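Residue numbering restarts at 1 for every chain, and letters A, B, ... go by the order of the sequence lines. The shown structure was predicted, so the numbers you read here are calculated from the model rather than taken from an experiment.
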2 protein chains.
Amino acid sequence: MRHHSPSTTNRQRAPSKRAVQTKTRIFDAAEQLFAERNFEGASLRDIAAKADVPVALVSFHGGSKNALFHAVVERRADALSKLRLKRLTDLKTSGKPVTARNILECTLLPHLEKVIEDGPQWLAYVRLIAMVSADPRWHDISKACFDPTAAHFIDELSKIYPETDKTAIATSYVFSVSAMLSLCTSTWRISALSNDTSKADLAGMSANLIDFCAAGMHSVLRPK
Amino acid sequence: MRHHSPSTTNRQRAPSKRAVQTKTRIFDAAEQLFAERNFEGASLRDIAAKADVPVALVSFHGGSKNALFHAVVERRADALSKLRLKRLTDLKTSGKPVTARNILECTLLPHLEKVIEDGPQWLAYVRLIAMVSADPRWHDISKACFDPTAAHFIDELSKIYPETDKTAIATSYVFSVSAMLSLCTSTWRISALSNDTSKADLAGMSANLIDFCAAGMHSVLRPK
DNA sequence: GTCTATATGTAGATAGAC
DNA sequence: GTCTATCTACATATAGAC
């Protein structure tokens, strides 16, 4: 059973407030530990300890370890897709020209803004996505959670560059997303390589990200 | 003890040919399994089975699991750095203009060419590096194995863009490396998103990679 | 919904024969 | 250098009291 829900299939009552809080604490702890230590590196005991609940409660709210992992990834995927697609709709109804740069902003900025606003949970989620994307064992989650929206954005790009083949478009889309993820997972490296001891300025760097990807994409996609 | 070597600290004889082959089989198996399943996901028993040796031999040649992991990452890091730096030296003595694009080729192409020539082992190594770069637990390996060479390339870029601050240079360097890694770890995704059922053409895609990164870098680094 | 207790498997590491 | 056998610890999962 891939999707676990507590108790039986037909739930009788809405869960109590306390139960919801407990479940949230468990999912938040799982999100952080999976992101830090990968799937096998984070034990259910570690997760329970971080959430300050007994181990059995983790299984109760999350089901098997595998189901818990899936649920944790899926938890924010929906919200993220909605934010991206809404931004795209807003762009198209705004009357502004629909350029590759504007589309990139719709794809890349929502997650970055969540990291900047909400702090550690969404940063952990970036790490988790980076992990899921790179690990062949989780390709099915990746496909289910992110490919539909990605396909939508790639279609938009095809309209702007109708002569360009889809593989080139998909390639530069993947480059852009990976650059966004690395901006969050590798700030430590950027600081080390630039001898910059000050706290990383994500907001400032996201301007660089958009410049980099927009120029890169334009170079790859424009008719030669 | 971080670095393990078989037998005592003062080795008496060179290892036999068979012993070297055994050790290579173990390291190759470890490289593939660590790349596929991460550190905790690959057990010493799995590695031993893949290398077709008894478990105790893995400990004998690799030391503790942690030491084995370090050794597997370090094994190819040296060769890779040498290839990159040699290519840079060749460029500078060739009389050709030293551009950001040329420097990027020195950084990104050696590993890609190894993947194309040598096949699965170097592809596994790409995955391993992607994993090590993203996982906070392995930052020290990353720093030791790759930062010195990275710093060298960033210095070269500073010479071309003397007005640009180092953080911007380091940022676009990190974007470029992550795009290279994602080209190898996410071919499956590129194929899925472009409905391209044919076998991935890494060589063709690396032209796109260089175009993307060179244009992106130029856009971020040129004086405004 | 929450928690204690436990069943069952498999992990990393090493001792010691060859 | 190689291999068998085993020690000890910790993993996931669940049964059953509250």
Once you round it to whole Å, what is the distance between [atom2] of [N] and [atom1] of [X]?
X	N	atom1	atom2	result
B/Arg25	D/dG1	CZ	P	14 Å
B/Lys23	D/dT2	NZ	P	11 Å
B/Glu40	C/dG12	CD	P	9 Å
A/Leu57	C/dA5	CG	P	15 Å
A/Arg18	C/dG1	CZ	P	10 Å
B/Lys17	D/dG1	NZ	C1'	17 Å
B/His61	C/dA13	NE2	P	16 Å

### Task
Answer yes or no: is there an ion pair linking A/Arg76 with A/Asp28, defined by an N-O contact shorter than 4.0 Å?
yes

### Message
Check B/Lys166 with B/Asp155, please: is the shortest side-chain N to carboxylate O separation under 4.0 Å?
### Response
yes

### Message
Both B/Asp52 and A/Asp46 contact DNA chain D. Which one's nearest nucleotide lies toward the 5' end?
### Response
B/Asp52

#### Entry: Residues forming a side-chain hydrogen bond (donor to acceptor under 3.5 Å, both in side chains) with B/Ser133, sequence neighbours excluded
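Not a single residue meets the side-chain hydrogen bond (donor to acceptor under 3.5 Å, both in side chains) criterion with B/Ser133.
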
### Side-chain H-bond candidate by donor/acceptor type, A/Asp46 with A/Ser43, under 3.5 Å
yes

### Message
Checking side-chain polar atoms at under 3.5 Å, does B/Thr167 have a donor or acceptor matched by the opposite partner on A/Asp196?
### Response
yes

### Query
Of the nucleotides C/dG1, D/dG1, D/dT2, which one has an atom closest to the side chain of B/Pro15?
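Per side-chain heavy atoms of B/Pro15, the pick is D/dG1.
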
Please tabulate, for side-chain N and O atoms in residues 111-118 of chain B, each donor-acceptor pair with protein atoms closer than 3.5 Å (sequence neighbours left out).
residue: B/Glu113; atom: OE1; partner: B/Arg87; partner atom: NH1; Å: 3.1
residue: B/Glu113; atom: OE2; partner: B/Arg87; partner atom: NH1; Å: 3.2
residue: B/Glu113; atom: OE2; partner: B/Arg87; partner atom: NH2; Å: 3.4

### Query
Would one find a side-chain N or O of A/Thr22 under 4.0 angstrom from OP1 or OP2 of C/dT2?
yes

Grab the N/O contacts between the protein and nucleotides 13-18 of chain D below 3.5 Å, and write none if there aren't any.
residue: D/dA13; atom: OP2; partner: A/Lys65; partner atom: N; Å: 3.0

